[in-house]
Amino acid sequence: MGILEDRLPDNILFTTVDKFLNWSKKNSLWYMLFATACCGIELMQTGASRYDLDRFGSVFRATPRQSDLMIVAGTITHKMADRVKRLYDQMPSPKYVIAMGSCANTGGPFYKDSYSVLKGVDKIIPVDVYVPGCPPKPEALIEGIIKLQQKIMQEKNLVKK
Amino acid sequence: MEPKGIYDILSKTFGSKIKQFLENTFPPTIIVESSAIVDVCKFLKNEEGLNFTSLMCLSGVDLKDQGKMAVVYHLFSITHRHKIALKVEVDRNEPHVPTVEGVWATANWYEREAYDLFGIIFDGHSDLRRILMPDDWEGYPMRKDYVYPKKYHTWDV
């Protein structure tokens, strides 16, 4: 690169389109302000000053229309399932989903003999990352977001057909 | 006022509509005929010296062995700081109880919950719909003989 760099003015860098687009996507994962049960408390704590999710470019938005990421924090009942689906449909693409906690993963403690709880949010919407725990600590949720960022970095935006 | 005193006032006013007084439950419970429940509640709320202004809780009970359904009203007087519970027992196959929505407005949601989970019909209620379960749910989940469905829409239950 030496010969080319010497001939260019300052502030010009070389990269690939994929890398640049993915880098900008992964560092602006705005998540929806949305929680259905006790995992919501840990989600709030993750966003608050001690764990400070803003460091990773994730801030909450109070509307699905401005969100890139849905963190399903808590138990989803059958009655809530339709609403979750509708919220997901209202988000603009590209959109991602993290299932946070045992309830959103599989139904958790309500897996057996519960008439009212949906057994895993992946029955209604596609899930990118599963974070285990009941509820997961903020560190675990942050790891989930970093995992999602790694996943986003592997995406292909321009593919020749 | 002591629960026994409240019971004495009620049985003096309503006579045979007041069936029984259970002293050892918490709070002490008065069993009332279902047809008289609205009048008894109005009396308890408005009578000077009783002033039960707060309906703290309204629960349904499935007394399957006795073939009955029951509704329990937990009352509290903020003015006089005394508590009492009322209980109404009705036939399990046709559980109809008059609504007390006109006495305490908060009964609206309590009665919807009792309807949703036990299937107790509150006659005269302004908006008797399910409140916790989805609108198209079948059956009443808190009943003792309830068997839940294998599937709801396309999802396994």
Shared hydrophobic cluster, A/V127 / A/I76 (ILVMFWY, side-chain heavy atoms < 4.5 Å): yes
Inter-chain contacts: residues 43-72 of chain B against chain A, heavy atoms under 4.5 Å: none
Within one Ile-Leu-Val-Met-Phe-Trp-Tyr cluster: B/F122 and B/W109, side-chain cutoff 4.5 Å: yes
ring-ring contact (aromatic ring centres under 6.0 Å, His included) against B/F118, all qualifying residues, sequence neighbours excluded: none
Co-membership, hydrophobic cluster, residues B/L10 and B/F76, 4.5 Å side-chain: no
Connected via hydrophobic side-chain network under 4.5 Å: B/I131 and B/V97: yes
Under 4.5 Å side-chain linkage, directly or through intermediates, the cluster mates of B/I31: B/L22
A/M91 reachable from A/L87 in the ILVMFWY side-chain graph, under 4.5 Å edges: yes
Residues, nucleotides or ligands: over 12 heavy atoms within 6.0 Å of A/F56 CZ: yes
Check every N and O of chain B against chain A and note each donor-acceptor pair under 3.5 Å, with its distance.
from   : atom 1 : to     : atom 2 : distance (Å)
B/I131 : O      : A/K79  : NZ     : 3.0
B/Y148 : OH     : A/D113 : OD1    : 2.6

